[in-house]
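Read through the structure below, which is laid out as structure tokens, and then see the notes.
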Amino acid sequence: AMDARADTLDAAMRQLEQRYKVEFASMCSQQRDAWTRGLREQEDLLLAKIIEERGRRELQGAALEEHIDFFGRFYKEISQVFQKTGSYPRIFEPRKAESAALGSCPSRAPSPGRLGSAEVAGSSFRLT
């Protein structure tokens, strides 16, 4: 009688163990599938962000190329002007009356205290 009960208990334990193995495998499979879906969704989001960032950088690169082209043309035109004139012209040249008012230092700009208010408000320098 004791052997029969032990065999019945042993069979019940094996059956319980088998059922838990199947359930555990099923839970692991479901968890793996959920993680796989989550990772795929994250991959799709990251790829979309990468594509968006690539587009932004291409637009930024195109804008920089336009700026570089503009400055290239600008410097080329300036170079041609300087080649035509033969030298770099002085952009600002003090007027003769102001040079005399400055005394021994003609390269310094006149101080506002030495000039009248009308002269300060007006143009102190002229373009050449």
Salt bridge or not for Asp33 and Arg37, using N-O below 4.0 Å? no
Under 4.5 Å between side-chain heavy atoms, counting indirect links through other Ile/Leu/Val/Met/Phe/Trp/Tyr residues: same cluster for Ile78 and Phe70 or not? yes
Heavy atoms from other residues, nucleotides or ligands near CD of Glu23 exceed 12 (cutoff 6.0 Å): yes
Would you say Leu16 and Leu9 are hydrophobically clustered, going by side-chain heavy atoms of ILVMFWY under 4.5 Å? no
Spacing of OG belonging to Ser79 relative to NZ belonging to Lys84, to within rounding of 0.5 Å: 11.0 Å
Atom pair CG/CZ of Asp44 and Arg40 - distance to nearest 0.5 Å: 9.5 Å
Is the shortest heavy-atom distance from the side chain of Ile50 to the side chain of Arg54 under 4.5 Å? yes
Is the number of heavy atoms from other residues, nucleotides or ligands within 6.0 Å of CD (Gln15) greater than 12? no
Mind checking whether Glu43 and Leu47 have side chains closer than 4.5 Å, heavy atoms only? yes
Cluster link Phe82 to Phe71, ILVMFWY, side chain under 4.5 Å: yes
Residues that Glu53 engages under salt bridge (charged side-chain N to carboxylate O under 4.0 Å, His left out), provided they are two or more places apart: Arg56, Arg57
Heavy-atom donor-acceptor pair, Thr36 side chain to Arg32 backbone, under 3.5 Å: yes
As an exercise, state the distance from CG of Leu46 to CD1 of Ile51, rounded to the nearest 0.5 Å. 11.0 Å
How long is the straight-line distance from OH of Tyr20 back to CE of Met27, given to the nearest 0.5 Å? 10.5 Å
